[in-house]
Protein chains: 2
Amino acid sequence: MRREQTVSGASQAGRGRPPARGGSARGGGPGGGGRRRASHSLESVVSEAVALLDEAGEQGLTFRALAARLGTGVGSIYWYVASKDELLERAADQVLAGVLTQTTHLGGDEDPIDGIRQIAIAFYAATVNRPWLGSYFLQDTGTQINGLTLYDRMGRETMRLDLTPRQRFDAVSAVMAFVVGVAADRGQDPPQEVRDGTIDRDVFVASFRDQMRELGADDFPFLHHIADEFAAHDDAEQFRAGLDLLLAGIRQQAHR
Amino acid sequence: MRREQTVSGASQAGRGRPPARGGSARGGGPGGGGRRRASHSLESVVSEAVALLDEAGEQGLTFRALAARLGTGVGSIYWYVASKDELLERAADQVLAGVLTQTTHLGGDEDPIDGIRQIAIAFYAATVNRPWLGSYFLQDTGTQINGLTLYDRMGRETMRLDLTPRQRFDAVSAVMAFVVGVAADRGQDPPQEVRDGTIDRDVFVASFRDQMRELGADDFPFLHHIADEFAAHDDAEQFRAGLDLLLAGIRQQAHR
DNA sequence: GCACTCTATCGAACATCGTTCTAGCGTATG
DNA sequence: CATACGCTAGAACGATGTTCGATAGAGTGC
């Protein structure tokens, strides 16, 4: 019995909205009998939107492109969704739902901080190759039900630590902010040529490293210092390294 | 002798670009002799763009709105800027430049980690009430000269800590990602009514807290647990709290 | 079977945005 | 005076989000 949109209030229901049709796993295709007109569902609309976002990025999600993919007209989409913002919210929420099902078994009996770590990593994994999520995650977190659930799940781990409510609130918010910040980074770094495959990623990174070296050890000693590390680093590893720093701070605070 | 755009390569110079007119502090107004036609400058264009972004947000920055503000036509803007992306990059870079001048005196003789802290706080302060920066900060960080300078300035502090180059790289990246994550959060939380001033912020927060309580202590124990903290918290304080957790982790790593 | 209602589909039409194109002004240079 | 070039300016184009009205299908009452 999960409720729908308790906190949301994102839109005031422009004309009407479908009765949310229980969890029928119908999939969404017109598959049925001999219907001539296409039949859709909120699920299929959002799912195709996510697919489109994954393939072409945020600017690739167009109402017309989505309509063509669904084999329908533009107007039909507006029956299920009041605006593009709501479409993106629902898309982000659907991905969050996936993260939730992957993390249901996590946490509980082990080290609480390790539970946070695993949830955060699962969260991060969902953002990889999904740049569009970065921008909408925290917006979603505070609004939609799945975001709140994830937030709560992580927070539940902190309740087993010796911290004040305030410290728990700050800790969970910090971890969330860190994940979103990394996600925002990932999506925006490669400047088009790399994403298209026009230029190989390694070549780009190498030339970037050379440019970092050219900046000179005098004016930019740190960049010069880490040029090699930059060229060799792995994003996922760096994420875990930063996360562990944050978690070490939390652990230290709890042991005091 | 600072160089211009060594690493950038953002645009291939559509038709031509002004000779960057040295650091003349002219401001940008047509002020001069008896010119009849309006005269602009890259500085004035970017400055007005920042002002427009601050007032109306990212969606408020329109080429037409910007042109009207400058008292010119749309086409004129394209003489200074090749695309809206470049305009946003330059806007973000200008704000970064402001952060840099405010942090020049920081770091050096005190505790290195405290230097990082102060730079990060100044960085954060620039993002307050500037939601549009969150999305473009890291893109800018890796591309424009001011972003690299800020990155380097923070990294220089880590070089005085007993860490490997890799650990320094990870630490600075983590702090940057955290700041951006918090910034992305700040900008997207208030859902329109609050930003317009239609609803008082306190009223909104209070009703949100009540909704968090309604979610129930059974399904969302953590949200129930921190409902009061949420209503009473201050964003800047929470940022510092999270930052200190991260810095504590870095300090611990350096002392090992 | 028939009229009627409600849900849902669909595409034309509109406003707005980023961007391009071309005409032309004004200044400097010969 | 004539020519070249830096820069201004707005009309025009294609794409996008959104609205609106027409209409088909399924269910309902008689």
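What's counted below: heavy atoms across the whole structure, side chains too, no hydrogens, waters or symmetry copies. Letters A, B, ... mirror the listed sequences (proteins, then strands); counts begin at 1.
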Please classify the nucleic acid contact of Leu87(A) as base, sugar-phosphate, or nothing, using heavy-atom distances under 4.0 Å. nothing
May I ask you to say what Thr62(B) touches in the nucleic acid, namely base, sugar-phosphate or nothing, with a heavy-atom cut-off under 4.0 Å? sugar-phosphate
Using a 3.5 Å distance criterion without hydrogens, assess whether the side chain of Arg213(A) forms a donor-acceptor pair with backbone atoms of Arg209(A). no
For [X] and [N], give me the distance from atom [atom1] to atom [atom2], rounded to whole Å.
{"X": "Ile77(A)", "N": "dG11(C)", "atom1": "CD1", "atom2": "C1'", "answer": "12 Å"}
{"X": "Glu58(A)", "N": "dA15(D)", "atom1": "CD", "atom2": "P", "answer": "20 Å"}
{"X": "Phe63(B)", "N": "dG10(D)", "atom1": "CZ", "atom2": "P", "answer": "16 Å"}
{"X": "Arg64(B)", "N": "dA15(C)", "atom1": "CZ", "atom2": "P", "answer": "14 Å"}
{"X": "Glu86(B)", "N": "dT19(C)", "atom1": "CD", "atom2": "C1'", "answer": "14 Å"}
{"X": "Tyr78(B)", "N": "dG10(D)", "atom1": "OH", "atom2": "C1'", "answer": "14 Å"}
{"X": "Trp79(B)", "N": "dT8(D)", "atom1": "CH2", "atom2": "P", "answer": "9 Å"}
{"X": "Lys84(A)", "N": "dT16(C)", "atom1": "NZ", "atom2": "C1'", "answer": "14 Å"}

Pick the nucleotide of DNA chain D nearest each of Gln59(A) and Gly75(A); which residue has the one closer to the 5' end? Gln59(A)
Nearest to the side chain of Thr72(B) - dC10(C), dT9(C), dT8(D)? dT8(D)
How about Ser41(A) and Ser44(A): does a side-chain donor come under 3.5 Å of a side-chain acceptor? yes
Taking atom types as modelled, is there a side-chain donor on Ser83(A) or Tyr78(A) under 3.5 Å from an acceptor on the other? no
To the nearest 0.5 Å, what is the distance between CG on Leu53(B) and CD on Gln59(B)? 11.0 Å
Below 4.0 Å: OP1/OP2 of dA8(C) and any side-chain N or O of Tyr80(A): no
